[in-house]
Amino acid sequence: MTRFQALQGLEVSGYHRHRLHQDGCVWVEKNCYVDVFIELLHAMGLEPLAVMGACITLDFEGDNFTFFKPQHEELRRLYGVDVQELNVWRPLVEHAAEHLAAGKFLSTEADSFYLPDTEGTDYRRNHVKTTIILADLDLSARRLGYFHNAGYHALEGEDFVQFFRLEAEPDPAFLPLFAEVVRVDRLVRRPQSELARLSRELLATHLARRPETNPLIRFQRRFERDLPDIQARGLDYYHAWAFATVRQVGAAFELLACHLRWLAPDEPDRALSQAADEFDRLSLVAKTFILKAARAVNARRPMDASASFTEMAQAWDRGMTLLARPPAVKLSERIA
């Protein structure tokens, strides 16, 4: 046996990605870690929107916004999905064969240079660290099925050889990439009402952990201070900066808005749906800002972004105020 599949019947051909990754989204790709779990949960017939409440805790950390991820404890509580770090003590391909054969997935850091789904950006152009989930390993065909970004893909041939370092010379300085085992043997398929109830409870917990001060105001001060340096370093530096800052805040609040609307159908007072409108506004302004700032950096001209920051900050304040109203916080207690 040379083919090991963690999920039988999963194929690249005919795969339909989750609606969070459809072209109508403001941010089709969010970040590499949350994207792969959206698609993994979706492929198993689970609803990934239930685990997105943690986006409410997104904060400005000084040189980046929080790299938001599905919380491992919440994956376990909501779906029975258990994520644990893998001790990569032997070649990754051997770990993959071992765990995929046992019905487990592997999440691992990877080099986009060898991922053909990044054609047009990093594939065979740039060495960029990202995260993928291994799902289907065929040793004879030298083919790997994997989740990455907004879908499910395959690599083979030379990409397979390079990805697994099959012909690399022994290198004592090489450090294995971080990897995790994703166990689904205790998967729980909850009714929609039960999943929503648990998700509401988690949202209330995350709301209590939201930033104490408006992160968009703090971000504005840092941007105004750093803009000359960003312009001096050029467009490549700007893109790296924008991914760590504007893209994270925009994508996180689009996900949060979708999460709130998923919870909203049974909502008596519309606080969740109204908050979702505010966070959608924040996300849209962030998308406009990232394009305007790119032009300003490329032309090395002054940029007054105060209006954009004011609109984002006000949307954050209004959204958080709506969620903090007692009826919204107690929603999980009123809906069985």
Side-chain angles (χ1 to χ4, degrees), residues 1 3-21 30-55 68-88 92 95-110 131-138 144-154 178-203 205-206 255 258-259 262-263 265 332 335-336:
M1 181 177 179
R3 186 177 183 184
F4 310 98
Q5 293 178 284
L7 181 61
Q8 297 298 316
L10 178 63
E11 300 290 346
V12 174
S13 176
Y15 181 81
H16 297 287
R17 57 192 179 180
H18 191 271
R19 62 185 180 278
L20 287 172
H21 285 145
K30 283 54 174 175
N31 69 45
C32 60
Y33 197 90
V34 75
D35 283 333
V36 292
F37 273 94
I38 288 172
E39 291 303 329
L40 174 62
L41 293 169
H42 172 56
M44 294 188 294
L46 303 169
E47 179 50 78
L49 279 167
V51 77
M52 297 302 160
C55 292
F68 58 97
K69 298 181 177 183
Q71 304 296 295
H72 290 175
E73 182 54 39
E74 294 183 20
L75 289 169
R76 186 183 301 110
R77 182 177 180 186
L78 293 171
Y79 316 106
V81 173
D82 187 18
V83 183
Q84 300 290 342
E85 183 175 350
L86 172 66
N87 180 6
V88 186
L92 183 63
H95 285 297
E98 173 93 16
H99 293 290
L100 268 60
K104 295 175 281 187
F105 298 88
L106 282 191
S107 166
T108 181
E109 293 179 331
T131 298
I132 69 173
I133 291 182
L134 283 56
D136 184 357
L137 175 69
D138 191 328
L144 175 69
Y146 64 98
F147 293 100
H148 184 230
N149 287 340
Y152 183 66
H153 317 278
F178 179 79
E180 295 169 320
V181 177
V182 183
R183 294 187 56 165
V184 296
D185 54 313
R186 296 185 179 182
L187 204 67
V188 179
R189 298 188 182 277
R190 302 184 188 279
Q192 165 73 15
S193 58
E194 181 184 358
L195 187 64
R197 178 181 60 80
L198 290 174
S199 189
R200 288 185 181 97
E201 293 174 358
L202 293 170
L203 179 62
T205 300
H206 291 307
L255 277 179
C258 292
H259 172 73
W262 177 76
L263 292 174
S332 61
I335 300 178

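Residues take their numbers from the sequence shown, with the count starting at 1.
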Parallel under 30°, tilted from 30 to 60°, perpendicular over 60°: which one fits the rings of Tyr15 and His42?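 Ring orientation of Tyr15 relative to His42: perpendicular.
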
Does the plane of the ring in His95 sit parallel, tilted or perpendicular to the ring in His99? Use 30° and 60° as the thresholds.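 Parallel, since the angle between the ring planes stays under 30°.
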
Looking at [X] and [Y], would you say the former's side chain and the latter's main chain have a donor-acceptor pair under 3.5 Å?
X      : Y     : result
Arg17  : His21 : yes
Glu47  : Leu49 : yes
Arg190 : Leu78 : yes
Gln5   : Arg3  : no
Asn31  : Phe68 : yes
Ser199 : Ala50 : yes

Mind running side-chain contact (heavy atoms from CB on, under 4.5 Å) on Arg183 and Val83 for me, showing each step along the way? CA-CA 6 Å; Arg183 294 187 56 165; Val83 183; over 6 Å; no

Decide yes or no on side-chain contact (heavy atoms from CB on, under 4.5 Å) for Leu40 and Met44, but give the supporting numbers first. CA-CA 6 Å; Leu40 174 62; Met44 294 188 294; 3.9 Å; yes

Testing the 3.5 Å rule here: is there a donor-acceptor pair between the side chains of Glu39 and His18?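 The criterion, which ignores hydrogens and geometry beyond distance, is not satisfied for His18 and Glu39.
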
Is it the case that the side chains of Gln84 and His72 hold a donor-acceptor pair, with the cut-off being a distance below 3.5 Å and no angle test?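 Side-chain D/A pair, His72 to Gln84: absent.
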
With the threshold set at 4.0 Å, does a side-chain nitrogen-carboxylate oxygen contact exist between [X] and [Y]?
X      : Y      : answer
Asp35  : Lys30  : no
Glu74  : Arg77  : no
Lys104 : Glu180 : no
Arg186 : Asp82  : no

Do [X] and [Y] come close enough that some side-chain heavy atom pair is under 4.5 Å?
X      : Y      : value
Phe105 : Asp136 : no
Phe37  : Val182 : yes
Val81  : Leu187 : yes
Tyr152 : His16  : no
Glu85  : Phe178 : yes

Quick one: closest heavy-atom pair of [X] and [Y], and the distance?
X      : Y      : value
Leu7   : Ala43  : CD2-O, 3.7 Å
Ala179 : Val88  : CB-CG2, 3.8 Å
Ser107 : Thr131 : OG-CG2, 3.6 Å
Ala101 : Phe4   : CB-CD2, 3.5 Å
Val51  : Pro70  : CG1-CB, 4.2 Å
Leu137 : Ala96  : CD2-CB, 3.9 Å

Roughly how far, to the nearest 0.5 Å, is [atom2] of [Y] from [atom1] of [X]?
X      : Y      : atom1 : atom2 : result
Arg76  : Gln71  : CZ    : CD    : 11.5 Å
Met52  : Leu20  : CE    : CG    : 6.5 Å
Leu106 : Ile132 : CG    : CD1   : 9.5 Å
Cys32  : His148 : SG    : NE2   : 6.0 Å
Cys55  : Leu203 : SG    : CG    : 10.5 Å

Mind running side-chain contact (heavy atoms from CB on, under 4.5 Å) on Leu41 and Tyr79 for me, showing each step along the way? CA-CA 9 Å; Leu41 293 169; Tyr79 316 106; 3.8 Å; yes

Take Leu134 and Thr108, measure what side-chain contact (heavy atoms from CB on, under 4.5 Å) needs, and give me the verdict at the end. CA-CA 8 Å; Leu134 283 56; Thr108 181; 3.4 Å; yes

